[in-house]
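Below: the structure, in structure tokens.
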Amino acid sequence: MNGRIIITGATGSMGAAAVEALATRGVPVLMACRNLAKAEAVRSDILGRIPAADIELRQLDLASMASVRNFAEGIDAGTVAGLFNNAGVISKGYSITGDGFENTFSVNYFGPWLLTQLLLPKLPEDARIVNMVSLTCRFAPLSEQTLRPAEKDFSQLSTYARAKRALLSFSMELARRHPSLRVNLADPGIVASNMIDLGHWYDPLADALFKPLCRKPEVGVQPALRALSGQSRNRYFVGRGDKAIPVRYFTPDLDARIWAATEEAMR
Ligand SMILES: NC(=O)c1ccc[n+]([C@@H]2O[C@H](COP(=O)([O-])OP(=O)(O)OC[C@H]3O[C@@H](n4cnc5c(N)ncnc54)[C@H](OP(=O)(O)O)[C@@H]3O)[C@@H](O)[C@H]2O)c1
């Protein structure tokens, strides 16, 4: 692989595990993180174990399209081999970003959409693009209207599931429009990370009872790591293997409409 792998949300549980796993293999990484102090702490921790690790840090806030544009402008063509759209959030309440997007949708969908589009001209034709989706996609209806939910339509989990379903739709359409790219989906399963603390009074109880049953971040990120290092295209990486993308996600007309609605929203 020539060039860095950009990992968004590299301060998070699976993001940091991905940085360390790639660094162990000698792959240069660019941590794209909203909190640079936190990113520096993750990097120093990894350098303590892998002194030769080649890890660069840059600021990226996916809740701000100006930040996404600024990040993409700072990337030189030919220096990046792949992009792992890993960052994600399950917002507790309804909030709208400065760009007018609901926050969960901005971080999980609109931000990665714009980032990928802006980086494309700087990436090799066969660049690896791995989008982190979720088993919740299965239960999420998608339409142009769901991209920008009103407050009355917001719910913590269903808005998250719809945003991930939109990211999945984007991946399918991206692969159709750029068949030379290696676009793949990664589904980590249920992972014991900060993300599954939904901010409820019973979270400490859930931590004690539920988290031990969940995958560890180093395990949950394995499907994404396999997608990042292999030659596949349009595969769904999950568990210990990968499979054809489930037919329920073959919605080309919808994907084209979602793409057009997103382009319109970015104007
Ligand atoms: N955990 C699960 O069971 C599970 C299941 C299916 C899919 N996933 C997906 O896996 C990915 C990684 O999740 P995780 O479990 O490792 O969660 P995590 O530990 O909470 O990590 C989330 C990462 O996203 C970053 N992030 C949040 N808001 C951001 C923003 N506005 N701009 C840029 N980065 C932002 C966080 O940055 P800060 O450190 O600054 O907060 C953090 O680095 C996510 O896409 C998630 O949806 C997780």
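Order of appearance sets the numbers: ligands from 1, and atoms from 1 within every ligand. Small disclaimer: the values here were computed from a predicted structure and weren't measured.
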Identity and separation of the nearest protein heavy atom to atom 3 (O) of ligand 1: Val191 N, 2.8 Å

State, with a plain yes or no, whether a side-chain heavy atom of Asn85 is found less than 4.5 Å away from one of Ile7. no

Considering heavy atoms of the protein only, find what lies nearest to atom 34 (N) of ligand 1 and give residue, atom and distance to 0.1 Å. Ala87 CB, 3.7 Å

For atom 16 (O) of ligand 1, the closest protein heavy atom turns out to be Met14 N, 2.9 Å

Just which atoms of ligand 1 are under 4.0 Å from any heavy atom in Gly88? 22 (C), 24 (O), 27 (C), 44 (C), 45 (O)

Give the atoms of ligand 1, by number and element, whose distance to some non-hydrogen atom of Ala63 is under 4.0 Å. 31 (N)

Identity and distance of the protein heavy atom lying nearest atom 47 (O) of ligand 1: Tyr160 OH, 2.6 Å

Taking the side chain as every heavy atom from C-beta outward, state whether Glu40 and Leu36 have any pair of such atoms under 4.5 Å apart. no

Got Met31 and Arg58 here, is their nearest side-chain heavy-atom distance under 4.5 Å? no

Does Arg215 have a heavy atom less than 4.0 Å from any atom of ligand 1? no

Taking distance alone, with no angle check, do Gly9 and ligand 1 share an N/O pair under 3.5 Å? yes

Within the 3.5 Å criterion, strictly below it, is a donor on Asp187 or Tyr236 matched to an acceptor on the partner's side chain? yes

Option set Met195, Arg34, Gln59, criterion heavy-atom distance to atom 17 (O) of ligand 1, minimum: Met195

To the nearest 0.5 Å, what is the distance between OG (Ser171) and CG (Leu181)? 11.0 Å

For Gly12, atoms of ligand 1 separated by under 4.0 Å from a heavy atom: 19 (O), 21 (O), 42 (C), 43 (O)

Are the charged groups of Arg34 and Asp61 less than 4.0 angstrom apart, N to O? no

For atom 11 (C) of ligand 1, what's the nearest protein heavy atom and its distance? Asn86 O, 2.9 Å

Which of the atoms of ligand 1 are close to Ile190, meaning less than 4.0 Å from one of its heavy atoms? 3 (O)

How far is atom 1 (N) of ligand 1 from its nearest protein heavy atom, and which residue and atom is that? Ser193 OG, 3.1 Å

Please check whether Val89 reaches ligand 1 - meaning an N/O of the residue sits under 3.5 Å from an N/O of the ligand, judged on distance alone. no

Check whether Leu228 and Val183 end up in the same hydrophobic cluster, where Ile, Leu, Val, Met, Phe, Trp and Tyr are linked by side-chain heavy atoms less than 4.5 Å apart. no

At less than 4.0 angstrom from any non-hydrogen atom of Gly189, what atoms of ligand 1 do you find? 3 (O), 4 (C), 5 (C), 6 (C)

Would you say Ser13 and ligand 1 have an N/O pair spaced under 3.5 Å apart? yes

From atom 33 (C) of ligand 1, work out which of Ile7, Asn103, Leu60 has a heavy atom at the shortest distance. Leu60

Shortest protein heavy-atom distance from atom 9 (C) of ligand 1, along with the residue and atom involved: Met132 CG, 3.6 Å

When you measure from the side chain of Thr8 to the backbone N and O of Ala87, does any donor-acceptor pair fall under 3.5 Å? yes

When you measure from atom 37 (O) of ligand 1 to every protein heavy atom, which one gives the shortest distance, and what is it? Thr11 OG1, 3.4 Å

For the residue pair Phe105 and Phe110, categorise the inter-ring angle as parallel (less than 30°), tilted (30 to 60°) or perpendicular (more than 60°). tilted

So how far is it from Ile129 CD1 to Leu120 CG, rounded to the nearest 0.5 Å? 5.0 Å

Below 4.0 Å from ligand 1: does a non-hydrogen atom of Pro188 turn up there or not? yes

A cation-pi test, strictly: NZ or CZ of Arg176 under 6.0 Å from the centre of the six-membered ring of Trp259 and no more than 45 degrees from its axis. Yes or no? no

Quick test of your reading of the structure: of Thr104, Leu62, Asn108, Asn85, whose heavy atom lies closest to atom 32 (N) of ligand 1? Leu62

Does any N or O in the side chain of Thr251 come within less than 3.5 Å of the main-chain N or O of Leu254, such that one atom is a donor and the other an acceptor? no

Which is it for Asp61 and ligand 1 at heavy atoms under 4.0 Å: side chain, backbone, both or neither? both

For ligand 1, which atoms sit closer than 4.0 Å to a heavy atom of Lys38? 38 (P), 39 (O), 41 (O)

Numbered atoms and elements of ligand 1 in range of Val133, under 4.0 angstrom, heavy atoms: 6 (C), 7 (C)

Flag side-chain contact, heavy atom, 4.5 Å: Thr136 against Leu157: no

For Leu167 and Met132, work out which heavy atoms get closest and say how close. CD2-O, 3.4 Å

